[in-house]
Amino acid sequence: MHTLNPRVFVSGSKMTAALLCFLLAGPVLLVAGSPVYTSNNGTVPLVLWHGMGDSCCNPLSMGSIKKMIEEEISGVYVLSLMIGKNVVQDTENGFFMDVNEQVSAACSQLARDPELKGGYNAMGFSQGAQFLRAVAQRCPSPPMKNLISVGGQHQGVYGLPRCPGESSHICDMIRKALNSGAYTDLVQKHLVQAQYWHDPLNDDLYKKHSLFLADINQERVVNETYRKNLQLLEKFVMVKFLQDSVVDPVDTEWFGFLKSGQAKETETLQESALYKEVTVSQLVSLHCSLVFLLFS
Ligand SMILES: *[C@@H]1O[C@H](CO)[C@@H](O)[C@H](O)[C@H]1NC(C)=O
Ligand SMILES: *[C@@H]1O[C@H](CO)[C@@H](O)[C@H](O)[C@H]1NC(C)=O
């Protein structure tokens, strides 16, 4: 639930290097085996999804990341998703548009794009990361090859401690709505953050009423299609910000969360019932530790 602070990104040269290493690893491996990726100078296209309070094309965030990647990887096609008809709508939709509808809109946009036919890598920032995971689970065509989640909230959030930039008045309003009833139909339908609100003290309400997160996290029924599609990813990389003051709890960025029934102790993905029972993916554990080493 934070927009990526571009200063952190650009000045964090270690982080930039690490992310580029993931992006670059793809094309190098592919050149040998697969003639499908001959367009774009042999590179795999990249799809970006921005975070809350941000837009596809903000020159200080997504715009500069797109530009940086285009400069680093010669010929690469980068699509920064815009949900809505313009930048203003895109930003508003990040607060108020039904997430399932946003994911379908993204899926059709990806399916229509001739540049993506042979597959693509995806990189989501903050809430954009869990939205892209939903794309991977629901829309296997065109194929997503690698998913990089930068500060994503894969187990949702329980708290909204701080809001990025100029959106703080919107966040005050959102906080009120969440407190008054995150799982009521009205709030669920119209508030993006309610759709990944995860109240550990009201697990049953969450499982029953969360329109988005409980569905993609297989809390109500196990959808074999979701499992199968997620495992089609070559790599699922989750980047956690060790000093994040926007996301609560920060463990969610590595798919951990608060233990059910209380709001203090956390558990890792591997300790969670979700992992033990549903096997989110064996793909994650190795890469978590790798990323942790690179960023600490
Ligand atoms: C293709 O990649 C090579 C090597 O990275 C680079 O020198 C060349 O300029 C690129 N061509 C295009 C059209 O981007
Ligand atoms: C499982 O997911 C697929 C893809 O989104 C969907 O078409 C199907 O209806 C889902 N099945 C269940 C039981 O939810």
Side-chain angles (χ1 to χ4, degrees), residues 1-4 47-58 61-63 66 79-113 122-139 144 147 149-158 160 163-199 206 208-217 219-220 226 246-247 252:
M1 317 239 312
H2 61 250
T3 30
L4 181 76
V47 172
L48 306 173
W49 197 329
H50 63 80
M52 178 182 85
D54 201 5
S55 75
C56 60
C57 313
N58 182 347
S61 60
M62 290 301 110
K66 181 173 189 294
L79 170 69
S80 185
L81 285 168
M82 180 196 275
I83 307 296
K85 290 195 180 68
N86 52 49
V87 167
V88 175
Q89 278 190 9
D90 187 26
T91 310
E92 285 172 2
N93 286 338
F95 290 109
F96 305 118
M97 181 177 171
D98 185 306
V99 180
N100 292 319
E101 285 169 24
Q102 294 195 49
V103 170
S104 328
C107 286
S108 2
Q109 203 176 325
L110 301 180
R112 276 197 311 266
D113 192 329
M123 192 168 175
F125 298 86
S126 191
Q127 68 183 18
Q130 60 263 32
F131 300 171
L132 277 173
R133 179 163 61 84
V135 170
Q137 291 178 204
R138 290 176 186 167
C139 310
M144 186 187 292
L147 172 59
S149 156
V150 182
Q153 298 111 31
H154 295 284
Q155 277 282 24
V157 294
Y158 186 52
L160 204 62
C163 232
E166 289 148 29
S167 328
S168 59
H169 60 288
I170 302 186
C171 285
D172 290 339
M173 205 183 78
I174 292 175
R175 227 175 262 121
K176 265 189 208 146
L178 290 171
N179 288 334
S180 77
Y183 298 120
T184 58
D185 290 345
L186 189 73
V187 177
Q188 277 291 312
K189 197 73 192 154
H190 297 287
L191 192 55
V192 163
Q193 288 68 34
Q195 294 177 38
Y196 57 86
W197 187 254
H198 188 167
D199 182 345
Y206 160 69
K208 196 153 166 230
H209 296 285
S210 161
L211 283 180
F212 172 71
L213 193 70
D215 176 71
I216 63 159
N217 282 1
E219 301 279 12
R220 284 187 281 269
Y226 284 177
V246 179
V247 172
T252 188

Margin query: For D185, I'd like to know if atom CG has over 12 heavy atoms of other residues, nucleotides or ligands within 6.0 Å.
Written below: no
Item checked: Spatial distance of atom CD (Q193) from atom SG (C171) [nearest 0.5 Å] -> 7.0 Å
Next item on the list: Would you name the heavy atoms of G152 and A129 that are closest together and state the gap between them?
Entry: CA-CB, 3.5 Å
Margin query: Looking at R220 and S210, would you say the former's side chain and the latter's main chain have a donor-acceptor pair under 3.5 Å?
Written below: yes
Note to self: Quick one, L81 and L110 - any side-chain contact, counting heavy atoms below 4.5 Å?
What the structure shows: yes
Margin query: Students often mix this up, so state it plainly: with edges at 30° and 60°, are the rings of F131 and W49 parallel, tilted or perpendicular?
Written below: perpendicular
Checklist line | Polar side-chain atom of S55 near backbone of C57 as donor-acceptor pair, under 3.5 Å | finding: yes
Next item on the list: Please report the C-alpha distance between D54 and F125 in whole Å, then the side-chain angles of each, then the deciding distance to 0.1 Å, and finally whether the side-chain contact (heavy atoms from CB on, under 4.5 Å) criterion is met.
Entry: CA-CA 10 Å; D54 201 5; F125 298 86; over 6 Å; no
Checklist line | Q127 side-chain N/O to G94 backbone N/O, donor-acceptor pair under 3.5 Å | finding: yes
Item checked: Distance, nearest 0.5 Å, that separates CG of L178 from OH of Y158 -> 10.5 Å
Check: Yes or no on side-chain contact (heavy atoms from CB on, under 4.5 Å) for R133 and L147, after CA distance, side-chain angles and deciding distance?
Finding: CA-CA 8 Å; R133 179 163 61 84; L147 172 59; 4.0 Å; yes
Note to self: Quick check: do M52 and V192 have side-chain heavy atoms less than 4.5 Å from each other?
What the structure shows: no
Notebook entry, point to check: Side-chain contact, heavy-atom cut-off 4.5 Å: Y196 with I216?
Noted result: no
Next item on the list: Over all heavy atoms of both residues, which pair between A122 and L132 is shortest? Give the atoms and the distance, please.
Entry: CB-CD1, 4.0 Å
Next item on the list: Could you walk me through whether V135 and C107 pass side-chain contact (heavy atoms from CB on, under 4.5 Å), step by step?
Entry: CA-CA 6 Å; V135 170; C107 286; 4.1 Å; yes
Check: Ignoring hydrogens and geometry, is there a side-chain-to-backbone donor-acceptor pair from N217 to H154 under 3.5 Å?
Finding: yes
Checklist line | S61 versus H50, side-chain donor and acceptor atoms under 3.5 Å | finding: no
Note to self: With rounding to the nearest 0.5 angstrom, report the CE to CD1 distance, M173 to I170.
What the structure shows: 6.5 Å
Notebook entry, point to check: Between the side chain of T252 and the main-chain N/O of Q155, is any donor-acceptor distance below 3.5 Å?
Noted result: yes
Check: What are the two closest heavy atoms between V103 and A134, and how far apart are they?
Finding: CG2-CB, 3.9 Å
Checklist line | Point-to-point distance, once rounded to the nearest 0.5 Å, from SG of C139 to CE of M144 | finding: 8.5 Å
Note to self: For the backbone of R175 and the side chain of N179, can you confirm whether one donor and one acceptor N or O come within less than 3.5 Å of each other?
What the structure shows: yes
Next item on the list: Apply side-chain contact (heavy atoms from CB on, under 4.5 Å) to Q109 and V47, showing your working.
Entry: CA-CA 11 Å; Q109 203 176 325; V47 172; over 6 Å; no
Note to self: Checking the side chain of Q195 only, and the main-chain atoms of L213 only, is there a donor and an acceptor separated by less than 3.5 Å?
What the structure shows: no
Notebook entry, point to check: Any idea which heavy atoms bring L191 and A177 closest together, and the distance?
Noted result: CD2-CB, 3.8 Å
Margin query: Looking at every non-hydrogen atom in both residues, tell me the closest pair between I83 and D90 and how far apart they are.
Written below: N-OD1, 2.9 Å
Next item on the list: Look only at the side chain of N93 and the backbone of Q102, and say whether a donor-acceptor pair between them is shorter than 3.5 Å.
Entry: no
Notebook entry, point to check: Looking at H198 and Y183, what are the two nearest heavy atoms and their distance?
Noted result: CA-OH, 3.4 Å
